[in-house]
Amino acid sequence: MSDATAKKEQRRKFQAIRGTRDLLPPETALWNRVEQTAHEVFATFGYGEIRSPIFEPTELFARAVGSDTDIVSKEMYTFESSEVPNLVELRTYYLSSDYAEDVFHGGSEDTVDLLSFATNVVGAFKKGALPQTSENLALVDDFLKKVSQIDATQRADVLKPFREVLHNFVRSVHLGDPTALRPEATASVCRAYLEHGMQSLPQPVKLYYIGPMFRRERPQKGRYRQFYQIGAEVLGGTDAPAIDAEVIEMLMTYFDKVGLHGATLYINSIGHNAENCRRGYVEKLKSELAKIKDNLGPDSQRRIDTNPLRVLDSKLESEQPYIEKLPRIADHLCDECKAHYAAVKRQLELRGLLYQENWRLVRGLDYYMRTTFEITAPGLGSQNAVCGGGRYDGLVELLGGPPTKGIGFAIGEDRLILSLQEGGKGAVEQGRDVYIAWMGEHAYAAAIRAAKDLRNAGFSVELPPVEQKFGKALGQADKLGAKYALILGDNEVAEGLWTLKTLLTGEQQKFPEPDLLEFLCQQKKVSS
Ligand code: ATP
Ligand code: MG
């Protein structure tokens, strides 16, 4: 690297990675309120919080979410999690184009490096520090067979023909377990349910979570690569329609408490995966889709085979007239699923919940069944879904557990916040209650005492660390949006009478020290 480039690198300004962002005050106060309300409301419905890791085996998501979904096939952040430090990084270096150039054109020493790296890898595999897969075993065996032909005495020269063997080995061997940043949390909750034997608890088990999810999507308003979800799952027990309705009731109660107005609840039933129900419908849908194939875009064309239900999800304008004419699942539900859906609607009505039916609301994955729902909110443009959910009675079994009922939802917290802000519910009170303007040594001791007492009583207090002229201090108090300035000079302290200035009105009052706290507490009560 030249000096100039090195300097430039050093001066480089770091920025948050594309699709991620910092949440800052005062907005974080709104995030806290939104999360606090979730803790409170969900607790009243008997849910307990689960905090699961943000990374899990890639396979968990591939299995649970489905490997032909966009989330798994395109959007996951994955890495090899190796037990051996630096192994993955070293491999990246050895396979980098810089290094490869050297290897193929340059000196044989590089090949010696590569051989010693490969030998380390083999050693690590033999010690059990690399995944003991049959693939790795075959690679190691093959490598050892080929390398045993090398004459160690003339190593450097003789090595040249082995470069390709070395490269292939280093490229193909699994140095660690495939691991992914979680793109959603339902899979993790089901994993935890099984791992901790929660089947033996009273059923159903009701859990909720709050935390970041990661998907490599094209960033835009309401769509980020690190985003936050607030979700809940009900696992085990029965699939009584009242459970579906209560989950939705909890959601709508939550949205109401948090101040989200204009949310619309859409519901649908996608039946279950049997011949006389969804499977029959999907066959019918496929054959109808085949007829209109030429009128569909490339994404939908592909989905005719891989995931035909997802075509119904399409937002592409030109496809809409064709999709509207496709057969509808409601006409194909089996009697049991029909009855379940009718009962869910009745249960929603019993709870006074308004809903709209949307036959195109699908979740396109095999294990989803029966109830699906989505909630949209105003002010979000085309990313207007703030919550998606549904019943997934097959999922726990898919992850190796016993047949288990399940239903849940995930709220997009970022979008919820955006919608609250757009609806004018985003403003959070800022500033300080009291700014302490002090001058003089005695005053400072009193100021420290006052700050401590006020903070203990729950007031937010700014105590400047160095002495300032009163004029400057009051200016500072204004800038911070303080309600009151407590003016403490050595005179005030000597007199035992402290001056409190209400910054909005400019009014000043004098109080003996003990009365001041009482006065402020009184004022707080009045204003709240
Ligand atoms: P969309 O159709 O908007 O991509 P989705 O079907 O991928 O949503 P789900 O997997 O059902 O979304 O996740 C539930 C909720 O999480 C969504 O309704 C949305 O509010 C939120 N969400 C999903 N992806 C993102 C993202 N990349 N950024 C912000 N919020 C998201
Ligand atoms: Mg998505």
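Just so you know, ligand 1 is whichever comes first in the structure, and atom 1 is the first atom listed for that ligand.
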- Query: Going by an N to O cut-off under 4.0 Å, is there a salt bridge joining Asp239 and Arg391?
  - Reply: no
- Query: What about Tyr208 and Tyr47, are their ring centers closer than 6.0 Å?
  - Reply: no
- Message: When you compare the side chain of Ile267 with that of Thr371, does any pair of heavy atoms fall below 4.5 Å?
- Response: no
- Item | Protein heavy-atom partner closest to atom 28 (N) of ligand 1 - residue, atom, separation in Å | Tyr224 N, 3.0 Å
- So, Tyr355 and Glu349: side-chain donor and acceptor under 3.5 Å apart, yes or no? yes
- Message: Looking at Ser82 and Val88, would you say the former's side chain and the latter's main chain have a donor-acceptor pair under 3.5 Å?
- Response: no
- Which residue and non-hydrogen atom of the protein lie closest to atom 11 (O) of ligand 1, and at what distance in Å? Arg363 NH2, 2.8 Å
- Proximal atoms of ligand 1 relative to Val386 (non-hydrogen, under 4.0 Å): 18 (O), 20 (O)
- Message: Suppose we measure from atom 22 (N) of ligand 1 to each protein heavy atom; which comes out shortest, and what is that distance?
- Response: Phe227 CE1, 3.6 Å
- Message: Please confirm whether Glu184 approaches ligand 1 to less than 4.0 Å, judged on its heavy atoms.
- Response: no
- Message: For Gln421, is the CD atom crowded, meaning more than 12 foreign heavy atoms sit under 6.0 Å from it?
- Response: yes
- Message: Using a 3.5 Å cut-off on N or O atoms only, is Ala385 in polar contact with ligand 1?
- Response: yes
- Query: Is Gln383 in polar range of ligand 1, meaning some N or O pair under 3.5 Å apart?
  - Reply: no
- Message: Taking 4.0 angstrom as the limit and counting only heavy atoms of Gly412, give me the atoms of ligand 1 inside it, by number and element.
- Response: 15 (C), 16 (O), 20 (O), 21 (C)
- closest protein heavy atom to atom 2 (O) of ligand 1 is Arg223 NH2, 4.4 Å
- Message: Is the positively charged end of Arg182 above the ring of Phe61, judged by distance under 6.0 angstrom from the centroid and angle within 45° of the axis?
- Response: no
- Starting from atom 13 (O) of ligand 1, locate the nearest protein heavy atom and write down its residue, its atom name and how far away it is, to 0.1 Å. Gln229 NE2, 3.1 Å
- Using distance alone, with no hydrogens and no angle criterion, decide if Tyr228 and Gln226 have a side-chain donor and acceptor under 3.5 Å apart. yes
- Item | Main-chain N/O of Asp393 paired with His272 side-chain donor or acceptor, under 3.5 Å | no
- Looking only at side chains, do Gln199 and Gln203 share a donor and an acceptor under 3.5 Å apart? no
- Go through ligand 1 atom by atom and flag the ones less than 4.0 Å from a non-hydrogen atom of Cys387. 18 (O)
- Got a protein heavy atom sitting under 4.0 Å from atom 18 (O) of ligand 1? yes
- Heavy-atom proximity to atom 24 (N) of ligand 1, picking from Gln220, Arg215, Glu374, points to Arg215
- Message: Which of the numbered atoms in ligand 1 are under 4.0 angstrom from any heavy atom belonging to Glu217?
- Response: 24 (N), 25 (C), 26 (C), 27 (N)
- Among protein heavy atoms, which lies nearest atom 29 (C) of ligand 1, and at what distance? Gly222 O, 3.3 Å
